[in-house]
Every structure is written in structure tokens, then in C-alpha cells.
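Down below is the structure, laid out as C-alpha cells.
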Amino acid sequence: MATEPTRNLALELVRVTEAAALAAGRFMGRGDKNAADRAAVDAMRVVLNSIAMNAIIVIGEGEKDQAPMLYNGERVGTGEGPEMDIAIDPIDGTRPLANGTSNAISTVALAPRGAMFNPGPFLYMNKIAVGPQARGVVDIEAPVEHNLRAIARASGKKVEDLTVVILDRPRHEQLIAEVRRCGARIRLLTDGDVAGALMTCWPDSGIDVLLGIGGTPEGVLAACALRAMGGEIQGKLHARNQDEIRRGQEMGYDFNKVLTLDDLVSSDDVFFAATGITDGELLRGVKYFGNGARTDSLVVRGLTGTVRQIIATHRWDKLSQFSAIKYHSSS
């Protein structure tokens, strides 16, 4: 039976990521990660609290880097409306932004209360993420070569046609060597594995799969988007030392369990938005001009599978009349 369409909170979330990107983009290449993060957090909080929802931050920002925080457990929204869990990363890629390099984005995801995986204090996980063509054919516990061959078959390609995105970290030395041995191409990212996972679902990016150990919070954020975009992500929590294994066992976490898409976010009623801060394969960065700026955003709704790309022009003379956010020195 047909029903009236429900409210699309993703179209309100994009205002959140646009605000964070506009505020943080001023710091591109200026070498100050914390100042950029603070600007993004402050802008994000202002807009989040204007949305008619009763949301609790499950995946917060800042604990890992001791930066400004939208902290875990913080309530955001007006307090009226649907009860939601929210995951935020005001800047996915603070280092690329500070250094003036590519693929820094601002991201937010929403899901019904209780639907998101809570990683607790365990900040790292091993991941594999693919787009719709390779959904259902990968296995994070299988050898790299097995997965690359399966992805190639599902995509109608040869292994040497594939492009694998991996975070550029010493821990990935063996993984990189194995991918090279198989003959696939590699795109190394200095930071930003939310963007890397999303690239697998974005045809123009040329990325086929994300592999390797990255952030657990970023994995949950990416899962919200990939669920709606038809992709797949699998993960396993990664312990950095024996103490983390002991603490995990005491808290009921299983480092041997494969976390599927359903484990990371258990509802189709998810919303996701991302706005580019610096140019990348996924989104273009903020472009400033005399009296404003232009942003490029991705907006995703899970129930309908609708993916929107929104290019917006923002005018300082208009925004300064009512916005509490300081986007411009004269506003």
C-alpha cells in the first residue's frame, strides 16, 4: 500500500556538513589541524541544534586526536521529533586539510535510536568496502588475491584493471606488497577512509575496493552511506596491544567477529551527508569568491536509495543577517 513520504532528514543534514566545510575550508594549507577542527565543530553544532530531532551522538569526534569535540552522549537537535542516533566527523582528513592536499570532507549520518554499532574505546578496525557490483562476493577473512579476483569477475574486469584504495601507513606494508603482487593498481590516501569507502560506490572515482586498517568510527559512518548506496563493508575490530584485547573481552567485544553491514548499522532508515572541503575523487572542495562560496555535497537516503549531488552557492551578505556562524571576516 502506498504511503505518504516521510521526512527526509538528509536534506537537513547537508546544511550541517556545508556549514562545517565552509568554516573549516578557510584553514586549508595553513598547517593548523586543531583550529580547522574547532571551526568545523562549532559550525556543525549550531546547525545540528536547529534540526527538529532528538538525537544522541553515538560516534563523536575528537577523542582520538584530543581535538575539539562533539562528544559521545551529547544530545543534539531541538529535542522534538524522531529519536535518532547520530555519527559525526566534522573533518574526515584533518591532515590533508591542514596540508592543502586532497579528499578532506565533512560527514554526518543518522539512524533510528539503537541502530548504530557502538565501538566504545576501540578506535581501529580492519575493513573491506566495495560498491554495488561487488556486493556479496567479498570476504574479509579470505586472502587478498581471492577478493581481488572475485571483485574483478563481478565487475567484468581483470585484476590489473582494479584500483584499490589503502591508507598510507607502515602497518599496511605487507598488504600493499600483496596487492602489487596480484597486479592491481593502488591509490594511497594519507587520511580519510570514509571518503575512500564512499569512492567504491561513486562510478566517476575509479575506485573498486578499500582495504586495510582504519578508524572504527569512520567504518560506522561509511556503513550508513554504503547501505543506502548499495555497497558493502565488512570489518573486524583491530586491537593495538594485549591490553586492548583484555579490555575488549571484559566489555564483551569480540575481536574475531566479522562485523557485517547489518552489524554496523541495522536499519535501512538511514541518512547520510558529506560535503567536500578540499578537492578529491569523491567531491570538489569549497571554492571561495568575493561575497560567498560554492560547495559540493553528497546526500543519501536509505529507505529510497536516493543519492543526490548538491552544488550550492552561499552568499555572505545574506548569511550574515541571521547565521550565528562566522564564515567571513566581515560577517
Side-chain angles (χ1 to χ4, degrees), residues 5-21 44 47-48 51 53 55 57-59 76-77 82 84-93 103-112 115-117 127 129-135 165 192-205 207 209-210 215 217-235 260-277 280-285 295-312:
T6 56
R7 184 161 144 238
N8 187 355
L9 287 169
L11 293 174
E12 299 182 58
L13 287 185
V14 74
R15 295 173 45 239
V16 177
T17 55
E18 285 174 347
M44 186 170 270
V47 184
L48 278 172
I51 299 175
M53 62 181 180
I57 296 176
V58 175
I59 304 288
V76 292
M84 308 293 286
D85 285 343
I86 186 165
I88 60 101
D89 197 346
I91 305 173
D92 177 47
N103 288 312
I105 63 174
S106 178
T107 65
V108 175
L110 273 177
M116 287 186 188
F117 176 75
K127 310 173 197 176
V130 292
Q133 287 185 313
R135 180 170 181 162
V165 67
D193 56 338
V194 176
L198 266 61
M199 288 176 200
T200 64
C201 289
W202 204 240
D204 292 340
S205 75
I207 301 299
V209 55
L210 172 140
E218 290 83 352
V220 177
L221 270 160
C224 291
L226 266 61
R227 186 177 185 104
M229 297 171 78
E232 180 178 7
I233 184 170
Q234 297 175 15
T260 67
L261 196 57
D262 286 336
D263 293 314
L264 295 171
V265 57
S266 60
S267 172
D268 283 326
D269 193 15
V270 294
F271 306 92
F272 177 89
T275 300
I277 307 176
E281 287 91 341
L282 184 68
L283 294 165
R284 287 171 291 181
T295 55
D296 183 13
S297 301
L298 179 70
V299 183
V300 182
R301 186 182 189 192
L303 280 180
T304 61
T306 303
V307 180
R308 292 177 170 91
Q309 187 171 12
I310 296 177
I311 298 173

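All values below come from the heavy atoms of this structure, side chains included, with hydrogens, waters and symmetry mates left out.
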Note, [X] side chain near [Y] side chain (heavy atom, < 4.5 Å):
X      : Y      : answer
Phe272 : Val299 : no
Val300 : Phe271 : no
Ser106 : Glu18  : no
Pro82  : Pro112 : no
Arg135 : Leu261 : yes
Thr295 : Ile311 : no

Among all residues two or more places apart in sequence or in another chain, which pass the side chain to side chain contact (heavy atoms under 4.5 Å, CB included) test with [X]?
X      : value
Ser266 : Ala115
Gln133 : Ser155
Ala129 : Ala197, Leu210, Leu226, Ile233
Ala21  : Thr275, Ile277, Val286

Going by the rule salt bridge (charged side-chain N to carboxylate O under 4.0 Å, His left out), which residues pair with Arg284 if we only count those two or more places apart in sequence or in a different chain?
Asp296
Salt bridge (charged side-chain N to carboxylate O under 4.0 Å, His left out) against Glu232, all qualifying residues, sequence neighbours excluded
none
Once salt bridge (charged side-chain N to carboxylate O under 4.0 Å, His left out) is applied, what residue pairs with a partner in residues 193-202 remain, sequence neighbours excluded?
Lys127-Asp193
Heavy-atom closest contact ([X] atom, [Y] atom, distance):
X      : Y      : result
Met116 : Ala111 : CE-N, 3.8 Å
Ala225 : Leu198 : CB-CD1, 3.8 Å
Val165 : Gly196 : CG1-O, 3.8 Å
Phe117 : Val220 : O-CG2, 3.8 Å
Ala87  : Leu221 : O-CD2, 3.5 Å
Ile105 : Ala274 : CD1-CB, 4.3 Å

Approximate separation, where rounding is to 0.5 Å, of [X] [atom1] and [Y] [atom2]:
X      : Y      : atom1 : atom2 : value
Ile88  : Ile86  : CD1   : CD1   : 7.5 Å
Met84  : Leu9   : CE    : CG    : 5.5 Å
Met53  : Leu110 : CE    : CG    : 5.0 Å
Thr200 : Met229 : OG1   : CE    : 7.5 Å
Ser297 : Leu11  : OG    : CG    : 11.0 Å
Met199 : Leu283 : CE    : CG    : 9.0 Å

Return yes if some donor-acceptor pair links the side-chain N/O of Arg227 with the main-chain N/O of Ser267 below 3.5 Å, else return no.
yes
Quick one: do Arg301 and Asp269 satisfy salt bridge (charged side-chain N to carboxylate O under 4.0 Å, His left out)? Show the steps, please.
CA-CA 7 Å; Arg301 186 182 189 192; Asp269 193 15; 5.4 Å; no
Hits for side chain to side chain donor-acceptor pair (under 3.5 Å) against Asp92, two or more places apart or cross-chain, chain-then-number order -> none
